[in-house]
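Take a look at the structure set out below.
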Amino acid sequence: MLLAERVPQLPKMNELYKELETDRNQGLKMLYALQRGGLLLLLSDNAKSPDNLSRPDKIYINNPTMMYALSPQIDTGTLRETFFMNQLSQGHEVRYPKTGDFLVDRKYLFEVGGKGKTFDQIDSYLAVDNTEIGYKNRIPLWMFGLLY
């Protein structure tokens, strides 16, 4: 429940460990165990090996349905990013980029947002909600559900 109310974010890991009443090593082991169990998706700027546990850049609940089960208030932006991450992480390598929201397969940069989202923040692809038809690099968010 602690994570459902906060994700996605650049986690304040020390605060999270304190609330979980654990230390860094056990906290990271818990996060990676929850990822292996299909409850969390951990986003990092590079591929992490299970032997080298390090702090994730963002933490997502595995899917939007779980978010609603764990928390009564869901932020729309969090919902969009969780859906995108859930759909793309099944068959693609997803990383946390320096700009934008997601770097897919090391070459496609995505920003996720609502219908009014513009290319001001990034120069790549937009995954936009509340739109039915895409144009050029603006892709409707719902279409990523077809990748699963």
Side-chain angles (χ1 to χ4, degrees), residues 1-17 24-25 27-71 73-148:
M1 286 180 62
L2 289 172
L3 293 172
E5 295 171 356
R6 297 180 179 180
V7 297
Q9 66 170 1
L10 300 174
K12 295 177 182 170
M13 299 306 285
N14 289 334
E15 290 178 19
L16 180 62
Y17 301 147
R24 178 189 181 277
N25 291 338
L28 287 173
K29 286 180 184 178
M30 284 183 211
L31 289 176
Y32 282 90
L34 289 170
Q35 180 183 32
R36 283 190 310 276
L39 298 173
L40 294 179
L41 295 169
L42 305 178
L43 185 63
S44 298
D45 61 354
N46 56 20
K48 307 283 194 246
S49 71
D51 300 331
N52 182 21
L53 299 181
S54 59
R55 176 188 177 276
D57 292 304
K58 281 192 174 183
I59 302 170
Y60 293 90
I61 298 298
N62 186 289
N63 68 59
T65 304
M66 265 196 249
M67 292 173 64
Y68 282 108
L70 295 171
S71 180
Q73 298 276 344
I74 303 297
D75 177 71
T76 304
T78 301
L79 184 67
R80 290 174 182 142
E81 286 190 26
T82 300
F83 174 76
F84 186 90
M85 177 69 175
N86 175 266
Q87 298 305 298
L88 272 288
S89 66
Q90 302 303 315
H92 299 274
E93 179 187 17
V94 183
R95 292 185 178 194
Y96 183 69
K98 292 179 181 171
T99 60
D101 290 327
F102 300 96
L103 182 63
V104 179
D105 295 334
R106 297 184 188 197
K107 63 180 181 179
Y108 303 108
L109 184 61
F110 283 92
E111 180 76 23
V112 178
K115 190 175 186 174
K117 191 69 153 179
T118 64
F119 287 95
D120 293 344
Q121 286 183 273
I122 64 167
D123 183 28
S124 196
Y125 297 93
L126 296 179
V128 291
D129 196 11
N130 299 323
T131 189
E132 293 182 25
I133 299 171
Y135 180 71
K136 293 189 179 183
N137 289 2
R138 291 178 63 86
I139 304 167
L141 186 59
W142 66 265
M143 290 187 78
F144 292 96
L146 301 173
L147 295 175
Y148 198 86

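Quick note: residue numbers are just sequence positions, from 1. Reckoned from all heavy atoms, side chains included, excluding hydrogens, waters and symmetry mates.
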Original post:
For Q90, does the CD atom sit with more than 12 other heavy atoms under 6.0 Å from it, leaving out its own atoms?
Top reply: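 Yes, CD of Q90 has more than 12 neighbouring heavy atoms, counting only those of other groups under 6.0 Å.
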**OP:** Please say whether more than 12 non-hydrogen atoms of neighbouring residues, nucleotides or ligands are located less than 6.0 Å from CG in L146.
**Re:**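 Check passes, neighbour count above 12.
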Checking the side chain of [X] only, and the main-chain atoms of [Y] only, is there a donor and an acceptor separated by less than 3.5 Å?
X    : Y    : result
D45  : P97  : no
N62  : L41  : no
N130 : G114 : no

For the atom pair [atom1] ([X]) and [atom2] ([Y]), what is the distance rounded to the nearest 0.5 Å?
X    : Y    : atom1 : atom2 : result
H92  : Q87  : NE2   : CD    : 10.5 Å
I133 : R138 : CD1   : CZ    : 12.5 Å
L40  : M85  : CG    : CE    : 10.5 Å
T82  : I74  : OG1   : CD1   : 8.0 Å
Q73  : T78  : CD    : OG1   : 12.0 Å
L42  : R36  : CG    : CZ    : 10.0 Å

Original post:
Which heavy atom in P140 sits nearest to a heavy atom in E132, and how many Å separate them?
Top reply: CG-O, 3.7 Å
Subject >> Closest heavy-atom pair and its distance - M66, N63 >> reply: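 Minimum heavy-atom separation between M66 and N63: N-OD1, 2.9 Å.
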**OP:** Show your reasoning for whether side chain to side chain contact (heavy atoms under 4.5 Å, CB included) applies to R106 and E93.
**Re:** CA-CA 7 Å; R106 297 184 188 197; E93 179 187 17; 3.2 Å; yes
Subject >> Passing candidate, ring pair (Phe, Tyr, Trp, His ring centres under 6.0 Å) with F110, options F102, Y96, F84 >> reply: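 Exactly one pass, corresponding to F84.
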Original post:
Under 4.5 Å between any side-chain heavy atoms of L28 and P56, yes or no?
Top reply: yes
Subject >> Single hit among L34, L70, L31 for side-chain contact (heavy atoms from CB on, under 4.5 Å) with L39 >> reply: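 Checked L34, L70, L31 against L39; only one passes side-chain contact (heavy atoms from CB on, under 4.5 Å): L34.
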Original post:
Going through the checks in order, is the side chain to side chain contact (heavy atoms under 4.5 Å, CB included) test met by E81 and D101?
Top reply: CA-CA 8 Å; E81 286 190 26; D101 290 327; 3.8 Å; yes
Original post:
Which is it for K115 and V128 under the side chain to side chain contact (heavy atoms under 4.5 Å, CB included) test, yes or no, and what are the steps along the way?
Top reply: CA-CA 6 Å; K115 190 175 186 174; V128 291; 5.8 Å; no
**OP:** Applying side chain to side chain contact (heavy atoms under 4.5 Å, CB included), run through R55 and D57 and close with a yes or a no.
**Re:** CA-CA 7 Å; R55 176 188 177 276; D57 292 304; 4.0 Å; yes
